[in-house]
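Just below is one structure, and these are the notes that go with it.
Just so it is clear: chains get the letters A, B, ... in the order the sequence lines come, proteins before strands, and each one is counted from 1.
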Amino acid sequence: MLQIHWIRENKALTLAGLEKKRLKNAAEAVEKVLEIDSKKRETQVKLDQNRAKQGVLAKEIGELMKAGKKTEAEILKTQTADLKTQAKELETLFADLETQLTQQLYLLPNLPHASVPEGAGADDNEVLYEHGEVKPLAADALPHWELIKKYDIIDFELGVKISGAGFPVYKGKGAKLQRAMINFFLDQAAEAGYGEVQPPIVVNEASGYGTGQLPDKEGQMYFINADGLYLIPTAEVPITNLYRDVIVNPKDLPIKTAGYTPCFRREAGSWGAHVRGLNRLHQFDKVEIVQIQHPDKSYETHEEMSQYIQSLLKKLELPYRVLRLCGGDISFGAALCYDMEVYSAAQQRWLEVSSVSNFETFQANRLKLRMKDGEGKTQLLHTLNGSALALPRILAAILENNQTPEGIWIPKVLRPYTGFDKID
RNA sequence: AGAGAGAUGCCUGAGUGGUUAAAGGAGCAGUUUGCUAAACUGUCAUCGGGUUAUACUGGUGCAUGGGUUCGAAUCCCAUUCUCUCUGCCA
């Protein structure tokens with residue numbers, strides 16, 4: 001959430017940023033926010049003055065009562081009564097304006113970083129870097145949804161029976177490979193200095209608001225009605241919310257945390273060849289890395305996280321590219337976002353396997369995640385996160401790219417974890 | 001799930017209706033000593049008004065939401081959470 005006093009003082013910058021993000025009616029939205037804000041502050045002044053008077057009167061009444069001057073106290077009481085009726089009106093108005101302001105602010109996305117390219121959608125994203133050779137496959141090469149049947153390592157029909165579409169059952173070497181990847185990613189993260197956590201995979205409403213999934217992406221999350229809890233769409237939610245309402249010591253920065261969790265997404269309305277097989281699931285596994293950083297250093301950190309994620313892809317020997325998302329494609333809360341995509345040879349398309357974002361103070365403002373700066377003032381921190389990595393599409397790419405007549409070769413780095421070197 | 005106790009700032013913790021969220025600790029800033037340490041002083045949540053910025057100044061905040069009262073950390077109601085005991089259980 002953007003900070004209202006920042007918008008107040010940087011109206012032009014706010015507007016330009018919102019337009020780059022392709023927010024509809026940006027000018028209108030900014031005007032509305034500022035108007036509510038000014039009314040709210042006006043009301044607060046009146047209310048504060050009213051309360052100040054009430055306080056003075058209450059004190060006087062107290063003294064009169066002590067002195068035994070009951071009739072004089074009664075006179076002052078009638079004055080307080082008038083103030084109280086006024087105060088009640090002002091309080092209602094103030095609360096209403098406050099709600100309105102929050103609701104309006106929730107509608108505003110984060111402002112994009114200066115390096116974010118202009119653009120309306122996925123076609124305008126900037127390719128920053130490509131790595132690895134895209135080898136042509138044999139004419140009889142199969143897409144991963146055929147390979148998993150051939151080698152019997154993932155069963156979608158069984159998943160349908162016990163849960164529904166998009167909930168695959170991993171079997172045999174498929175299940176083992178999943179477990180191997182999780183351990184590999186967690187070990188790598190530990191080596192890179194991330195503290196490991198195992199967070200809950202259901203979260204309350206406050207956590208959903210903290211990282212920005214609520215209110216606008218409510219429909220994307222599974223909701224447990226009986227207890228008012230949401231299944232997490234990503235470990236970003238519980239891990240970042242560990243630091244909700246926390247004032248950290250700047251010496252402890254950056255705070256680096258990693259965790260493995262299953263992720264749940266309803267993905268309402270998705271269909272077609274692009275969501276076939278492992279391309280898009282309702283439940284999948286992911287290792288997530290999160291950093292909390294000093295505002296002056298968050299862009300260095302973003303670069304460092306991007307390099308770290310790329311190092312994983314290199315070790316897995318997968319061809320990949322890095323995109324800098326344009327204003328129209330970048331997510332609601334992010335100021336800067338790189339997507340990592342691996343090339344899926346049999347599908348002949350790029351698959352997003354990671355997304356690393358700097359949220360600047362957008363989440364921290366909702367989380368009330370702060371530090372004390374040099375002058376003893378509280379200041380919002382920056383939050384960043386990235387997938388390192390999401391398993392299903394990595395698995396799809398490994399299956400498709402590494403298929404040979406003898407079977408599917410496991411990347412060398414994973415072999416100590418799987419205990420086998422090919423699926424056949 | 002049942003009974004009892006409890007929830008106060010970054011942390012510990014006093015406070016049972018009348019100006020003040022006591023006190024201590026951590027952190028930070030300043031002063032002093034040749035460095036460190038120590039000592040001393042200050043600061044310590046949040047929204048405003050005011051100012052170029054200070055200064056100055058008002059409100060709110062004792063788990064959350066209501067209520068009683070001229071006045072609530074303190075009394076009442078509801079909710080959430082924590083601890084202890086009992087029950088159940090991977």
Nearest-neighbour nucleotide for the D48(A) side chain, rG67(B), rG59(B), rC70(B) considered = rG59(B)
Run the salt-bridge test on E91(A) and R51(A) with the 4.0 Å N-O cut-off and return the result as yes or no.
-> yes
Can you say whether the rings of F332(A) and F362(A) are parallel (under 30°), tilted (30 to 60°) or perpendicular (over 60°)?
-> perpendicular
Residue mapping more 5' on RNA chain B - nearest nucleotide basis, R51(A) or I61(A) = R51(A)
Does R370(A) put a side-chain nitrogen or oxygen below 4.0 Å from OP1 or OP2 of rU46(B)?
-> yes
Considering only atom P, compute the distance from rG18(B) to rG25(B) and round it to an integer number of Å.
-> 29 Å
Quantified in whole Å, what is the P atom distance between nucleotide rU64(B) and nucleotide rG9(B)?
-> 10 Å
Which word best sums up how the rings of Y222(A) and H282(A) line up, parallel for under 30°, tilted for 30 to 60°, or perpendicular for over 60°?
-> perpendicular
Distance in angstrom units between I247(A) CD1 and rC44(B) C1', rounded | 9 Å
Geometric class of the Y230(A)/F223(A) ring pair [parallel <30°, tilted 30-60°, perpendicular >60°] = tilted
Value in whole Å for how far the P atom of rG18(B) lies from CG of L64(A) = 17 Å
Sole residue of S306(A), C337(A), P117(A) in side chain to side chain contact (heavy atoms under 4.5 Å, CB included) with R324(A) | P117(A)
Is K251(A) near enough to rC28(B) that one of its side-chain N or O atoms lies under 4.0 angstrom from OP1 or OP2?
-> yes
Sort out for me which residue in L278(A), L389(A), L351(A), L312(A) forms a side chain to side chain contact (heavy atoms under 4.5 Å, CB included) with I394(A).
-> L389(A)
For rU69(B) versus rA5(B), give the span between their P atoms, rounded off to a whole number of Å.
-> 28 Å
Is there a Watson-Crick or G-U wobble partner for rC10(B) with both distances under 3.5 Å, and which nucleotide is it?
-> rG25(B)
T78(A) vs rC70(B): side-chain N/O to OP1/OP2 distance below 4.0 Å | no
For rG49(B), does OP1 or OP2 lie under 4.0 Å from any side-chain N or O of R41(A)?
-> yes
d(CZ, R8(A); P, rC47(B)) in whole Å = 10 Å
Look at the aromatic rings of Y209(A) and Y106(A) and report parallel, tilted or perpendicular, splitting at 30° and 60°.
-> tilted
Between E63(A) (CD) and rG18(B) (C1'), how many Å, whole number?
-> 9 Å
To the nearest angstrom, how far is D252(A) atom CG from rA26(B) atom P?
-> 16 Å
Can you tell me how far P in rC88(B) sits from the matching atom in rU16(B), rounded to whole Å?
-> 41 Å
Separation between the C1' atoms of rC10(B) and rC44(B), rounded to whole Å = 9 Å
Applying the 3.5 Å cut-off to both distances, the Watson-Crick or G-U partner of rU52(B) turns out to be none
Whole angstrom is fine here: how far is it from CD in Q54(A) over to C1' in rC70(B)?
-> 9 Å
Mind calculating the distance between CD (E9(A)) and P (rU51(B)) to the nearest angstrom?
-> 14 Å
For V45(A) and for M65(A), find the nucleotide of RNA chain B with the closest heavy atom, then tell me which residue's nucleotide is more 5'.
-> V45(A)
May I ask which nucleotide in the shown strands pairs with rG65(B), Watson-Crick or G-U wobble, both distances under 3.5 Å?
-> rC77(B)
Nearest listed nucleotide, side chain of K40(A), among rC47(B), rC70(B), rG49(B) | rC47(B)
Any strand: nucleotide that pairs with rA45(B) via Watson-Crick or wobble, under 3.5 Å = rU60(B)
Side chain of K59(A) (C-beta onward), nearest among rG71(B), rU19(B), rA45(B) = rU19(B)
rA63(B) and rA21(B): how far apart are their P atoms, nearest whole angstrom?
-> 15 Å
Applying a 3.5 Å limit to both distances, which nucleotide forms a Watson-Crick or G-U wobble pair with rA1(B)?
-> rU86(B)
Looking only at atom P, what distance separates rU60(B) and rU41(B), rounded to whole Å?
-> 31 Å
Sugar-phosphate only, base, or nothing, as touched by K77(A) at under 4.0 Å among non-hydrogen atoms | base
Sort out the partner of rA39(B) for me: Watson-Crick or G-U wobble, both distances under 3.5 Å, none otherwise.
-> rU31(B)
Would you kindly give the CZ-to-C1' distance between F94(A) and rG49(B), to the nearest whole Å?
-> 13 Å
Given rG71(B), is OP1 or OP2 found less than 4.0 Å from the side-chain N or O atoms of K84(A)?
-> yes
Partner nucleotide of rG18(B) by Watson-Crick or wobble geometry (both distances under 3.5 Å) = rC70(B)
Please state the C1' separation for the pair rU20(B) and rA72(B) - nearest whole angstrom.
-> 15 Å
Within a reach of under 6.0 Å around NZ of K32(A), are more than 12 heavy atoms found that belong to other residues, nucleotides or ligands?
-> no
